[in-house]
Every structure is written in C-alpha cells, then in structure tokens.
Amino acid sequence: MRVNVTVNGEARQADDVWEGESLLYLLRERLGLPGSKNACEQGECGSCTVYLDGTPVCACLVAAGQAEGREVRTVEGLADGDRLDPVQQSFVDAGAVQCGFCTPGLVVAAHDLLNRVPNPSDEEIREALAGNLCRCTGYEKILDAVRAAAK
Amino acid sequence: MEFLRPANLAEALAAKAERPDAVPLAGGTDVMVELNFDHRRPEALLDLTRVAELAGWTVEDGVVRLGAGVSYTRLITELGEKLPALAMASRTVGSPQIRNRGTVGGNLGAASPAGDTHPVLLATGARVEVASTRGTRMIDADDFYVGVKKHSLAPDELIVAVHLPVASAPQQFAKVGTRNAMVIAVCSFAVALDPEHRCAGAAIGSAAPTPRRAAEAEEFLAAELPWDAPAPLRDSVKRRFGELVASAAAPIDDVRGTAEYRKHALAVLARRTLGWAWQDYLGSERTCA
Ligand SMILES: Cc1cc2nc3c(=O)[nH]c(=O)nc-3n(C[C@H](O)[C@H](O)[C@H](O)COP(=O)(O)OP(=O)(O)OC[C@H]3O[C@@H](n4cnc5c(N)ncnc54)[C@H](O)[C@@H]3O)c2cc1C
Ligand code: FES
Ligand code: FES
C-alpha cells in the first residue's frame with residue numbers, strides 16, 4: 001500500500017508498504033531517517049520514540065498505515081538546521097551519551113516532558129523517562145542533562 | 001494482508017461483518033508486538049484509530065460511557081476524579097509512550113488475565129458495550145472474560161465503549177510488579193466501596209485463568225462494613241477479607257512469581273487497599289457532616 005505522512009514538516013510518500021509494517025520501519029528503511037533506533041520492537045526500550053500528532057509514541061508499535069495523513073516528528077526534526085535543540089545540546093554537554101543508541105528516544109521523551117512541565121521534579125523526570133532504557137550511562141548523566149535543559 | 005481504514009463506526013462494523021477474520025487495531029501496543037515477532041499473520045488489520053465514535057467519553061445519569069479508543073493518558077488526565085480506580089490502574093500500565101497509545105478497549109480485546117483494567121471493571125460492576133451490524137448489546141464485565149485471553153465477543157463484533165458508574169465513594173487499585181514501571185502484574189487487586197447499596201466490589205487480576213471477582217470476600221464485606229456507625233475497621237475484618245480474596249485466586253507458578261507468593265501478596269493487597277478505601281470513606285463522611 002501507499003502511505004502519505006508528514007515527517008518533520010515535509011510531506012513524504014512511501015510505496016509498497018507492507019500492511020503489517022511498523023512506522024519505525026517506514027521511517028528508517030523507506031524514508032531514510034535512521035535517527036529513531038530499532039532495539040526491541042516490543043515497546044520496552046523506547047529507543048524508537050517519535051512524536052505522532054504531537055504525542056510521544058513507540059514507532060515500533062504504530063502500524064505504518066495508522067500514520068497515513070498524520071504528522072510525525074523524529075529526533076532529526078528537533079534540531080533547527082545546524083543548531084541543536086536545547087535538550088540535544090544538554091545531552092551532549094552533560095555526557096549523557098555513550099554508545100548513543102538510547103539517545104534519540106530519550107531526547108524525544110525529555111523534549112516532550114519539558115514542553116509539558118518546564119520545571120520537572122526528579123520524580124517527574126524519572127516517571128517521564130520510565131519507558132526508555134539505557135544500557136550504558138547508569139541514567140545519572142541523563143537526569144543531569146534533563147535538569148540542565150530545564151533551566 | 002489488507003489494511004482496512006474505516007472512517008466511522010458504521011463502516012467499521014460493516015468491515016468486521018464482511019471480514020470477521022480482520023484483527024481490530026487500536027493503540028497497537030498488543031497487536032504490533034505480535035506482528036513484529038511474527039506471532040500473528042492476520043488476513044487483514046482493521047484500524048480503529050480514525051473512528052471518532054470510539055474516541056470520546058460522556059457522562060449520563062451517573063454513568064461514564066468511555067469510548068473503547070480513549071487512551072490511558074487521556075483517561076488519567078480527564079477522568080481521574082470520576083473513575084479513580086480505573087485511573088490508578090491506567091497509571092500503572094507500561095510507560096508514558098504505552099499509555100499514550102494503549103486503550104481500555106484494547107485491554108479488553110486482549111483479555112489477558114494480567115490486564116490492569118480488568119479487576120477495576122469487575123469491582124465497579126462495569127458493562128461492556130459491543131456492536132455489530134446486527135445491533136448493540138451490553139455484556140457485564142463478569143461475563144466478559146471466558147478463558148485465558150478469551151472474551152465473549154462474536155467474530156463480527158467490536159467493543160464500542162465501557163460503561164462504569166461515576167465513583168460515589170473511595171476506590172483502590174494496587175498491583176505487585178518487579179519494579180515501578182513497565183511491568184506486567186504479578187498480581188493485582190481492586191476494591192470499590194458502594195455506600196448506596198451498602199456493599200463493596202472486589203476483584204483480582206493475574207491470579208487465575210481470567211480476571212475474576214472475589215465473591216465470598218464481597219459477601220463478607222457487605223455483612224461486616226459498619227456503614228451505619230462508621231468507625232475504623234478492625235484488623236480482624238481486614239485480615240479475614242484478605243484471606244477470602246486470596247482464596248478466590250487460582251494462580252499458577254511462572255517466571256513472575258509462584259502461586260503461593262501470589263496468594264500471599266493478594267491477601268496483603270486486599271487488606272491494605274480496603275484499609276485505605278475505608279479510611280478515605282470515614283474522612284469524607286466527617287467532612288460532609
Ligand atoms: C511495553 C509494554 C508494556 C505494557 N504494560 C502493560 C501493563 O502494565 N498493563 C497492562 O494491562 N497491559 C500492558 N501492556 C499491554 C497493552 O498495552 C494493553 O493491553 C493495552 O490496553 C492494549 O491496548 P491497545 O489499544 O494498544 O490495543 P491493541 O494492541 O490495538 O489491541 C489489543 C487487542 O484488542 C483487540 N481490540 C482492540 N480494540 C478493539 C475493539 N474496539 N473491539 C474489539 N477488539 C479490539 C485487538 O484486535 C487485539 O486483539 C503493555 C504492552 C507493552 C508493549
Ligand atoms: S524499538 Fe520500539 S520500544 Fe524498543
Ligand atoms: S548510551 Fe548506550 S544505551 Fe544509552
């Protein structure tokens with residue numbers, strides 16, 4: 001089937017999309033946006049988190065066909081040209097990135113949190129990031145990054 | 001495979017009548033996992049996310065009609081006061097990303113014994129509104145679950161909404177998991193006080209082939225709760241209630257916990273949640289008086 005979707009503000013089209021395919025596969029393999037990572041394909045790790053119509057979701061759990069006519073914003077769409085989004089910059093500055101695999105998902109989840117709650121408590125940060133796994137950082141630097149971005 | 005994209009409920013029901021083998025797709029948080037892992041290869045997917053009739057809720061005569069497609073996140077933010085136990089259960093589901101997509105309709109459709117909303121639906125006497133091109137019918141939550149991951153829908157039927165009374169008194173939900181977020185319940189429990197009928201609903205999850213009510217425990221409460229002379233509950237009442245709740249369970253040993261542990265944990269959850277709910281009730285009685 002054909003899927004039309006607006007990705008990072010741009011109208012995109014993909015053909016021969018398999019009906020059971022995920023939005024994550026569509027983004028990575030058909031639209032050439034490898035920012036969202038594929039790690040578990042079962043909603044457990046959050047590394048595929050993208051905005052769908054402004055709401056953070058696991059792209060691996062959205063059927064590509066469900067995104068027809070909708071708006072997707074990926075980690076690639078957060079930066080303003082060459083200027084990183086403050087959340088992205090803050091992850092770099094705080095050393096919250098090691099292998100980087102979890103980073104795109106965490107950045108999108110943190111970005112959404114700070115949009116909703118400009119000055120979150122540690123508890124709110126932990127709850128907002130509970131769906132994102134990181135196997136490297138031990139999370140402390142990630143918490144630092146989110147705290148710093150909130151300032 | 002086909003991808004069916006009905007624009008409204010009539011189209012969705014017509015599609016399901018014509019293609020009973022089509023798998024409904026709401027938030028996708030259960031279905032997509034099965035597709036991604038090749039556990040399921042349906043002939044067709046029936047995307048319900050464009051069906052506006054499933055996406056809202058209304059309140060009439062003290063009953064919330066909750067559309068099958070309302071996400072947990074919306075339920076928590078919009079209905080926390082009217083449906084406190086359902087909101088509590090929703091807060092324990094997965095992660096923000098899962099709650100942004102997952103729905104009570106999908107929880108019912110999956111009918112997993114571990115689904116977090118089921119004990120609440122049972123304890124509050126909820127009814128499930130299902131429809132087909134043949135018409136609409138209401139199924140009591142009690143009659144909805146018929147086996148492990150089996151429900152009582154006909155192949156041409158869709159879940160349209162869930163009807164739950166607006167809470168008139170305290171309710172509680174509690175779940176045991178191996179950590180705070182992102183876990184399937186080892187066991188779960190809901191209790192809902194009903195001062196009007198001088199009784200309380202109590203139901204367990206993840207501790208029997210289906211979610212189920214703890215009927216003996218409910219009868220015990222109806223006889224023992226001191227509605228007319230409200231006072232703190234005696235420990236012996238809470239303890240006995242816990243025992244009766246545990247005896248309603250028929251759990252299995254699995255990777256998440258042993259049967260014995262589940263029974264023990266249920267007794268503790270029941271005792272505690274009843275204590276909290278009753279304490280809240282006493283507090284609200286005092287402020288009203
Ligand atoms: C990482 C992760 C964590 C999770 N954690 C929890 C948890 O803590 N607690 C919990 O209870 N669940 C949990 N789940 C399971 C899942 O999120 C819930 O069962 C959720 O309620 C499913 O809703 P959905 O809208 O995504 O359903 P879908 O996946 O779209 O559908 C689920 C089932 O219901 C059927 N269905 C959907 N809508 C209808 C309808 N209107 N009429 C008839 N059938 C329908 C589908 O065909 C399918 O069989 C988790 C899942 C994941 C991936
Ligand atoms: S790849 Fe989607 S949550 Fe892990
Ligand atoms: S930095 Fe490696 S998984 Fe998080």
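No hydrogens, no waters, no symmetry mates; every other heavy atom, side chains included, goes into these values. A, B, ... follow the sequence lines: proteins, then strands. Residue 1 opens every chain. Keep in mind that what you see is a predicted model, and the values were worked out from it rather than measured.
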Checking heavy atoms, do the side chain of B:R40, its backbone, both or neither come under 4.5 Å from chain A?
neither
Looking at A:E29, I want to see if its CD is surrounded by more than 12 non-hydrogen atoms of other residues, nucleotides or ligands under 6.0 Å.
yes
For A:E124, is the CD atom crowded, meaning more than 12 foreign heavy atoms sit under 6.0 Å from it?
yes
B:S95 versus A:G131, closest heavy-atom pair with distance:
CB-CA, 3.3 Å
Euclidean distance, B:R74 CZ relative to A:T55 OG1, rounded to 0.5 Å
10.5 Å
Mark yes when over 12 heavy atoms from residues, nucleotides or ligands other than A:R83 sit less than 6.0 Å from its CZ; otherwise mark no.
no
Surrounding CD1 of B:I184 (heavy atoms of other residues, nucleotides or ligands, distance under 6.0 Å), is the total greater than 12?
no
Chain B contact via A:C60 - side chain, backbone, both or neither, heavy atoms under 4.5 Å
both
Name the region of A:E21, side chain, backbone, both or neither, that has any atom closer than 4.5 Å to a heavy atom of chain B.
backbone
Working to the nearest 0.5 Å, report the span between CD of A:Q66 and CZ of B:R5.
9.5 Å
Flag side-chain contact, heavy atom, 4.5 Å: B:V33 against A:E44:
no
Cut-off 4.5 Å, heavy atoms of chain B, and the answer for A:T49 is side chain
Out of curiosity, B:L35 CG to A:E41 CD, how far, rounded to the nearest 0.5 Å?
11.0 Å
Measure from the side-chain N and O atoms of B:N100 to the backbone N and O of A:P56, and report whether any donor-acceptor pair falls under 3.5 Å.
yes
Interchain contact, B:I98 with chain A, by part (heavy-atom threshold 4.5 Å)
side chain
Residue selection (most heavy-atom pairs with chain B, distance under 4.5 Å) from A:G43, A:G69, A:A63, A:G65:
A:G65
Quick check: do B:Q97 and A:N132 have side-chain heavy atoms less than 4.5 Å from each other?
yes
Starting at CD of A:E19, measure out to CG of B:L4 and round the result to the nearest 0.5 Å.
9.5 Å
Give a yes or no on this: more than 12 heavy atoms of other residues, nucleotides or ligands lie within 6.0 Å of atom OH of B:Y261.
no
Minimum heavy-atom separation for B:M32 to A:V62, with atom names?
CE-O, 3.9 Å
Quick one: what part of A:L52 sits under 4.5 Å from any heavy atom of chain B, side chain, backbone, both or neither?
side chain
Which heavy-atom pair separates A:V57 from B:R101 by the least distance, and what is that distance?
CG1-CD, 3.5 Å
Greater than 12 external heavy atoms within 6.0 Å of A:E127's CD
no
Donor-acceptor contact present, side-chain B:N36 to main-chain A:Q42, <3.5 Å:
no
Just checking B:R91: does its CZ atom have more than 12 heavy atoms from other residues, nucleotides or ligands closer to it than 6.0 angstrom?
yes
Cut-off 4.5 Å, heavy atoms of chain A, and the answer for B:E2 is backbone
Decide if atom CZ of A:R2 counts as having more than 12 heavy atoms of other residues, nucleotides or ligands within a radius under 6.0 Å.
no
